[in-house]
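The residues of the chain are indexed from 1 along the displayed sequence. Model, not experiment: these values are computed from the prediction.
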Amino acid sequence: MRIGTGYDVHKLVEDRKLILGGVEIPYEKGLLGHSDADVLIHAVMDSILGAAALGDIGQHFPDSDDAYKGISSILLLQKVAELIKKEGYEIANIDSTIIAQRPKLAKFIPEMRENMAKALGIDISQINVKATTEEGLGFTGEGLGIASQAICLLM
């Protein structure tokens, strides 16, 4: 068994869609990034890649490559699933947390879990998503950005 962690953060800006876990969340701002800037999936991918000692998402999907400009992070997650399968690993479970003062995310979490489980080819019971605020503290608490962290256990 191997364990890996992931962390990602993106700035909230106007004129961008807010995508988390492959779900478009109605909100007045979205996350700035080269791809769709889905911080949840980015943290999950880094946790998986880290557990398999396969580097990080910047190594596999660099923001200097126009092939990934605006790409759905769900597609990148599918590629990560293929990479670890080729290396002989299976996902035991993933636990993740989205850190955002706003918007409220609880009603979107079931669809996020479903999207990621499908992309990874695992059962929804193997992936957990939580959301928390930071009580108004720090850049996430001030509504300047959204962060996410994840941990993955591979077999």
Any idea which heavy atoms bring M112 and I25 closest together, and the distance?
CE-CD1, 4.0 Å

Is there a donor-acceptor contact under 3.5 Å linking the side chains of S73 and H42?
yes

By salt bridge (Lys or Arg N to Asp or Glu O under 4.0 Å), E28 pairs with (sequence neighbours left out) R102

Around atom NZ of K79, are there more than 12 heavy atoms of other residues, nucleotides or ligands at under 6.0 Å?
no

So does D123 get a backbone contact from the side chain of Q126, meaning a donor-acceptor N/O pair under 3.5 Å?
yes

Could you check R16 against D36 for salt bridge (Lys or Arg N to Asp or Glu O under 4.0 Å), going step by step and ending with a plain yes or no?
CA-CA 9 Å; R16 288 275 299 196; D36 63 6; over 6 Å; no

Output for pair (L120 CG, I127 CD1), nearest 0.5 Å, gives 6.0 Å

Between S96 and N128, is there a donor-acceptor pair closer than 3.5 Å when you use the side chain of the first and the backbone of the second?
yes

Checking the side chain of D8 only, and the main-chain atoms of A43 only, is there a donor and an acceptor separated by less than 3.5 Å?
no

Restricting to salt bridge (Lys or Arg N to Asp or Glu O under 4.0 Å), what partner residues turn up for E134, sequence neighbours left out?
none

Determine yes or no for a side-chain-to-main-chain donor-acceptor pair under 3.5 angstrom, with H10 supplying the side chain and L32 the backbone.
yes

Is any side-chain heavy atom of I98 closer than 4.5 Å to one of T132?
no

